[in-house]
There are 2 protein chains.
Amino acid sequence: MDETAPQKGTVTQRAIERIKGMIAEGRLEPGQRLPTERDLAAQLGMSRSSMREAIRALTVLGVLEARHGSGIYVTQLEAGDLLETFGVVADLSRGPRLVELLEVRRILESTATALAAARITPDQLAEVEKHLTAMNATDDPEEILAHDLAFHREIAMAAGNDTMAAILEGLSSRTFRARVWRGYQEEGAFARTRREHAAIHRALVAHDPEAARAAAAAHVGEVEQWLRSQLGE
Amino acid sequence: MDETAPQKGTVTQRAIERIKGMIAEGRLEPGQRLPTERDLAAQLGMSRSSMREAIRALTVLGVLEARHGSGIYVTQLEAGDLLETFGVVADLSRGPRLVELLEVRRILESTATALAAARITPDQLAEVEKHLTAMNATDDPEEILAHDLAFHREIAMAAGNDTMAAILEGLSSRTFRARVWRGYQEEGAFARTRREHAAIHRALVAHDPEAARAAAAAHVGEVEQWLRSQLGE
DNA sequence: CCCCCGGGGTGGTCGGACCAATACCGTCAT
DNA sequence: ATGACGGTATTGGTCCGACCACCCCGGGGG
């Protein structure tokens, strides 16, 4: 008699798929407000508890955004919103998978840097230089790390591909970098890092994509090789 | 008096961070079973409802796995587990972001194919050929798409980087490909696709990384350019 | 010794209640 | 007429208790 119930999986899982489907079909636009939790639960014939779990899951995925006292909204569905969870991957990966992640980062970062060399504007270049000099002007590891991240972020932005920039952002999450670098920079890698950053900067100034690609690949590759050797022990 | 409560964010959000932290610190190993929902809620001083939302969120992220009647377990935390959510990004992206996703895929896929050309084993090559011939032997779009996906998946596997393979898997999610290809292959792109696949295969057989990279980049680039032109209208 | 089945434990769902933050709207002073 | 103020309805956040569905394990019967 009933026609709508394939009954696959849990009720909450179904709710997640339904909401995702509504967004994919365009029935829910980015930024749009959803019905209240109570109404949504009633519409899909489930309890508010189950619906809340579905909403929470989609919130963590960066698809929805819940504003206390106001309502539930679809995010702008931009690269940054959806790829924020990528940082979780980096944070929870260990051992050989860290090397794999760095390999992916090397591939993307080198290409992004090459693209940036071709497209970067004077304003963007100034921003990059700001973080480069700030990074070289201090000895506080915390501050260095912050400017290091910003340095690469600005470059990724200049490449003109927000999705790629968001992925790289996740691959360079704060805890991830801090974890890897803790041991790395104990081996006096500071000077080498500065040289590599300077090389990347030179290539950007010269608008030389191939030089930029090589410099970025070497930069990430250094860390990658060091980590690889650490695993061998 | 109280020392542990920074009170940041919602209770559920705190629970998510706590559990993530326990895994990151190694206090929870992959595959290990967690305390029951009721116990966890009691330990962190919150209601079972809030704890359930946290668990559900981590389940969707591929960090935890709930087995009805048995318990909650940490997943193996392998690339496939954690990057499954990447498919959501592909499914919900539209317009210019689709082009960006294809650009990322082109970069990764070309590199993966180049690596595969250098490393692929006879067994893996046979598997690739199986899907290649099967893809050319039918006219059913559904079947073609399935073998197309498997063709690229086998190649990504042969590249030896599970993380990269998992990302590419997400970027080629079924609904994503189906959506893009719907219009694309109406323009008689079947023959061209077959030629491109054949070129990739030849490069793999010859163990020629550079040829493989070029062939894969051209293959994805074709679709990318078509999609770019579609957006212009 | 093996098979079956029953009970206890566990996740899944439900309904209701209350709290906290927000938004809306009518009131009042300017 | 207009803007600041405050109260109230709305809405997400949390908690509680109950029951169901499923899995696992162990005891009893073959």
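Proteins get letters first, then strands, A, B, ... in listed order; numbering begins at 1 in each.
Pairs engaging residues 59-68 of chain B under the salt bridge (Lys or Arg N to Asp or Glu O under 4.0 Å) rule: B/E65-B/R67 [sequence neighbours left out]. Listed by first and then second residue, the side chain to side chain donor-acceptor pair (under 3.5 Å) pairs that reach into residues 150-168 of chain B are A/E100-B/T163, A/E103-B/N161, B/E109-B/H152, B/D148-B/H152, B/H152-B/H197, B/H152-B/H219, B/R153-B/E169, sequence neighbours excluded.
Mapping A/T10 and A/S70 onto DNA chain C via the closest heavy atom, the residue that lands nearer the 5' end is A/T10.
Whole-Å rounding puts the A/L44 CG to C/dT13 C1' distance at 15 Å. To the nearest angstrom, P of C/dG12 lies 17 Å from CE of A/M51. As a whole-Å value, the separation of B/Q13 CD from D/dT14 C1' is 15 Å. Summarising the geometry, the separation between CD on A/E53 and P on C/dG15 is reported as 15 Å, rounded to the nearest angstrom. When the P atom of D/dT14 is taken as reference, atom CZ of B/R52 falls 15 Å away, rounded to whole Å.
Between A/S50 and the phosphate of C/dC14, there is a side-chain N or O to OP1/OP2 separation shorter than 4.0 Å. Taking side-chain N and O atoms only, B/R56 has a distance below 4.0 Å to OP1 or OP2 of C/dT13. Contact annotation: B/T12 reaches the phosphate of D/dT14 (side-chain N/O to OP1 or OP2, under 4.0 Å).
Residues from residues 57-69 of chain B placing a heavy atom under 4.0 Å of any atom in DNA chain C, listed by number, are B/A66, B/R67, B/H68, B/G69.
Residues passing the side-chain hydrogen bond (donor to acceptor under 3.5 Å, both in side chains) test with A/T121, sequence neighbours excluded: A/Q124. Under the side-chain hydrogen bond (donor to acceptor under 3.5 Å, both in side chains) criterion, B/S49 pairs with no residue at all, not counting sequence neighbours.
With hydrogens and angles disregarded, a donor-acceptor distance shorter than 3.5 Å links the side chain of B/T75 to the backbone of B/G62. The main-chain N or O of B/K130 is found under 3.5 Å from a side-chain atom of B/T133 such that the two form a donor-acceptor pair.
Residue B/M157 places its CE atom among 12 or fewer non-hydrogen atoms of other residues, nucleotides or ligands, all under 6.0 Å distant.
Proximity of A/V128 to A/I120: side-chain heavy atoms (C-beta onward) are separated by under 4.5 Å at one or more points. At least one side-chain heavy atom of A/I200 sits less than 4.5 Å from a side-chain heavy atom of A/F151.
Residue A/I55 is out of contact with every strand shown, counting any heavy-atom pair closer than 4.0 Å.
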Expected rows: protein N/O vs nucleotides 16-18 of chain C N/O, under 3.5 Å:
unit_1, atom_1, unit_2, atom_2, d
C/dA17, N6, A/R48, NH1, 3.3

